Amino acid sequence: MSITVLGANHRTAPLEVRERFAHTAGEVSQSLERVLAAGARGGVLLSTCNRTEFYLAEPDDAVPEAVWARLSERLGVGGGGGRSASEYGYIQRDRDAVRHLYRVSAGLDSMILGEAQIQGQVREAWDVSKAVAGPVLHRLFQSALLVGARVRSETGLATGAASAPSAAVAVAGKIFTQLAGRSALILGAGDIAELAATCLVSEGVRVTLVANRTYERAKAIAEELGARALTLDEAWDHFGDCDIVLSSTAAPHAVVTWDRVAPAIERRGGRPLCILDLAVPRDVEPAVAQLENVFLYDLDDLQAVAAHAAAERRNDIPAAERIVTEEVERFWGWYGGLAVVPVLREFRDRMEAVRAAELERTLRRLPHLRPEDRDQIEYFSQALLNKFLHQPTVALKEAARAGRGYGLLDALKRLFGLERRDGT
């Protein structure tokens with residue numbers, strides 16, 4: 001039995017690589033199917049703007065290669081500079097994999113310390129992958145959500161600018177002397193775009209326009225904000241009027257291009273325009289930043305803001321890490337018990353078979369014994385076997401509860417040849 005996580009995140013891969021690794025909800029099933037076919041009993045794919053991670057239950061040796069091959073395909077020809085996806089990635093197993101997911105859910109492994117959105121993204125990944133997750137990963141992701149909730153309720157880790165949208169608003173505040181009274185155009189109508197718009201409004205920004213590929217969705221968000229709804233094709237001319245553009249669409253490629261917005265921006269007469277690109281893949285073509293007085297920020301640019309906000313919350317890290325450690329031990333005790341029960345049963349069955357065979361061989365050599373004497377010998381052999389099995393059984397169960405059962409299980413299987421029967 002084993003749990004493995006393979007993937008890449010903002011610490012190991014640059015944005016241009018992460019945006020190629022990123023999966024939409026509709027792409028998750030196909031990638032998991034490919035990886036699970038290589039030999040794993042369950043899988044969950046967590047893919048956000050900052051990480052793409054495969055959580056796998058009992059993967060065979062061929063599975064890591066299948067993961068890296070799948071991600072390498074997404075890099076495309078020249079997309080990763082000829083590098084394999086594995087060069088951007090990491091592998092963690094068993095207790096380390098559990099700790100990794102718990103830290104992710106708690107916001108301890110985010111680009112922005114304490115990021116609030118990640119817990120919802122963990123839940124969404126679990127929901128999308130439920131059909132193939134399997135019982136172990138079901139339990140793991142359920143417990144990860146509880147860990148995230150505990151950290152947020154028992155510590156101050158999520159206070160302040162603990163999300164990409166709130167950090168983006170802080171960046172906009174550095175461009176303008178005052179945000180109150182500024183006007184904003186929102187591109188996209190998903191959860192991130194809506195949250196970002198709410199953050200802007202809380203700072204006194206007037207969200208005047210909401211544009212989306214689907215007009216009905218744009219209209220729903222616009223009505224909540226007192227704004228006007230547009231389609232994306234209608235939005236480009238308005239780059240000449242607003243102060244802030246915040247973009248978070250689900251487009252597979254850049255939608256804000258030089259050709260589309262340069263004419264409108266040139267009419268601004270040099271007035272600053274802050275463009276905040278929260279999308280992965282990026283919504284805004286990098287060349288747009290070369291236009292006069294355009295200040296373009298993408299997700300990686302938010303690291304400086306995140307570092308400042310994180311400094312205020314670092315005192316809460318030890319308390320959050322203690323919660324993670326406590327919950328890892330709790331989960332590992334449960335998980336270790338899953339392995340102990342069948343191995344102990346196999347161990348006892350194997351020893352019982354040896355006892356019964358030896359007893360039968362002995363009794364054949366003693367045909368003169370009375371039935372009651374034969375019963376006494378059988379009782380003695382059973383009692384002796386139980387005495388021999390008692391301490392190993394107690395030790396294994398105690399080690400499993402403490403999360404240390406795997407070493408003893410491995411030794412037991414090797415010493416008594418159990419691995420030859422269960423195939424491990």
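This is a predicted model, so every value here is computed, not measured. Residue numbers run from 1 in the order of the sequence given.
Trp126 places none of its side-chain heavy atoms less than 4.5 Å from the side chain of Leu137. At least one side-chain heavy atom of Val122 sits under 4.5 Å from a side-chain heavy atom of Leu145. Asp277 is not listed as a side-chain neighbour of Val245, based on a closest heavy-atom distance of 4.5 Å or more. Within the 4.5 Å cutoff, no side-chain heavy atoms of Thr4 are placed close to those of Val63. Residues Glu352 and Leu385 form a side-chain contact, since some pair of their non-hydrogen atoms from C-beta on lies under 4.5 Å apart. Looking only at side-chain heavy atoms (C-beta outward), Arg322 and Pro318 come within less than 4.5 Å of each other. Looking at Ile175 and Tyr297, their side chains come closer than 4.5 Å, going by heavy atoms from C-beta outward. Looking at heavy atoms from C-beta onward, Phe141 lies out of side-chain contact with Leu146 at the 4.5 angstrom threshold.
The existence of a salt bridge linking Glu285 and Arg260 is excluded, since no basic side-chain nitrogen approaches an acidic carboxylate oxygen closer than 4.0 Å. Arg74 and Glu27 are joined by a salt bridge, as a carboxylate oxygen and a charged side-chain nitrogen come within less than 4.0 angstrom of each other. Comment: Arg20 does not engage Glu16 in a salt bridge, judged by the lack of any side-chain N to carboxylate O separation of less than 4.0 angstrom. For Glu292 and Arg271, the salt-bridge test fails: no basic side-chain N is under 4.0 Å from an acidic carboxylate O. Ion pairing of Glu73 with Arg34 is present here, as a side-chain N (NZ or NE/NH1/NH2) and a carboxylate O approach within less than 4.0 Å. Under 4.0 Å is where a charged nitrogen must lie from a carboxylate oxygen, and between Glu216 and Lys219 no such pair does. Residues Arg350 and Glu346 are paired through a salt bridge, judged by an N-O separation under 4.0 Å between the basic side chain and the carboxylate. Looking at Asp241 and Arg268, no side-chain N of the basic residue comes within less than 4.0 Å of a carboxylate O on the acidic one, giving no salt bridge.
Side-chain atoms of Glu234 come within 3.5 Å of backbone atoms of Thr231 as a donor-acceptor pair (strictly under, hydrogens ignored). Side-chain atoms of Glu19 come within 3.5 Å of backbone atoms of Arg282 as a donor-acceptor pair (strictly under, hydrogens ignored). Judged purely by atom type and a 3.5 angstrom limit, Asp94 uses its side chain to pair as donor or acceptor with the backbone of Ile3.
Within a 6.0 Å sphere centred on CD of Gln30, heavy atoms belonging to other residues, nucleotides or ligands number 12 at most. Counting heavy atoms of neighbouring residues, nucleotides and ligands inside a 6.0 Å radius, atom CD of Glu224 exceeds 12 of them. Within a 6.0 Å radius of CZ in Arg150, more than 12 heavy atoms belonging to other residues, nucleotides or ligands are found. By the 6.0 Å contact criterion, CZ on Arg213 is open, its count of non-hydrogen atoms from other residues, nucleotides or ligands being 12 or less. Other residues, nucleotides and ligands place no more than 12 heavy atoms under 6.0 Å from the CD atom of Glu33. Few gaps surround CD on Gln92; more than 12 heavy atoms of other groups in view lie less than 6.0 Å from it. Atom CZ of Arg41 has 12 or fewer neighbouring heavy atoms from other residues, nucleotides or ligands inside a 6.0 Å radius.
Between the CD1 atom of Ile186 and the OG1 atom of Thr208 there is a distance of 8.5 Å, given to the nearest 0.5 Å. Atom-to-atom distance recorded for Ser248:OG and Asn212:CG is 10.0 Å, nearest 0.5 angstrom. Asn50 contributes atom CG, which lies 8.5 Å from atom CD of Gln121 (distance to the nearest 0.5 angstrom). Taking CG of Asp300 as the reference point, atom NE2 of His10 lies at 9.5 Å (rounded to 0.5 Å). Taken from OG in Ser105 to NE2 in His100, the straight-line distance is 11.5 Å, to the nearest 0.5 Å. Rounding to the nearest 0.5 Å gives a distance of 9.0 Å between OG1 of Thr48 and CG of Asn9.
A pairwise comparison of heavy atoms in Ile91 and Pro64 identifies CD1-CB, 4.3 Å as the closest pair. Here the closest non-hydrogen pair linking Ala172 and Ile244 is CB-CD1, 4.1 Å. Of all heavy-atom pairs spanning Pro252 and Pro281, the tightest one is O-CG, 3.8 Å. Minimum interatomic distance between Val44 and Ala125 (heavy atoms only, all atoms of both residues): CG1-O, 3.7 Å. Residues Thr257 and Val288 approach most closely at C-CG2, 3.8 Å, considering heavy atoms. Gly156 and Asp316 get closest at one heavy-atom pair: N-OD1, 3.2 Å.
No side-chain donor from either of Glu87 and Ser84 sits under 3.5 Å from a side-chain acceptor of the other. A donor atom on one side chain and an acceptor atom on the other are not found under 3.5 Å apart for Ser183 and Arg206. A side-chain N or O of Thr325 and one of Arg99 form a donor-acceptor pair less than 3.5 Å apart. Donor-acceptor pairing under 3.5 Å is recorded for the side chains of His23 and Ser31. With 3.5 Å as the limit, one finds a donor-acceptor pair spanning the side chains of Thr249 and Asp283. For the 3.5 Å distance criterion, the side chains of Tyr102 and Ser143 qualify, holding a donor opposite an acceptor.
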Please lay out, stage by stage, how Leu200 and Thr198 fare under the test side-chain contact (heavy atoms from CB on, under 4.5 Å). CA-CA 5 Å; Leu200 287 171; Thr198 302; over 6 Å; no

Check against side-chain contact (heavy atoms from CB on, under 4.5 Å), Cys274 and Phe176: CA-CA 9 Å; Cys274 178; Phe176 303 102; 3.9 Å; yes

Decide side-chain contact (heavy atoms from CB on, under 4.5 Å) for Tyr90 and Leu6; before the verdict, give the C-alpha distance in whole Å, the side-chain angles of both, and the deciding distance to 0.1 Å. CA-CA 6 Å; Tyr90 45 81; Leu6 303 94; over 6 Å; no

side-chain contact (heavy atoms from CB on, under 4.5 Å) between Val5 and Leu101, worked out: CA-CA 9 Å; Val5 56; Leu101 177 59; over 6 Å; no

Would you please test Arg217 and Glu194 for salt bridge (charged side-chain N to carboxylate O under 4.0 Å, His left out) and show each step? CA-CA 11 Å; Arg217 177 60 179 161; Glu194 186 174 4; 3.6 Å; yes

List the steps and the verdict of salt bridge (charged side-chain N to carboxylate O under 4.0 Å, His left out) for Glu203 and Arg182. CA-CA 10 Å; Glu203 295 295 325; Arg182 299 290 177 179; over 6 Å; no

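Note: Tyr335 and Trp332 have tilted aromatic rings, judged against thresholds of 30 and 60 degrees for the angle between ring planes.
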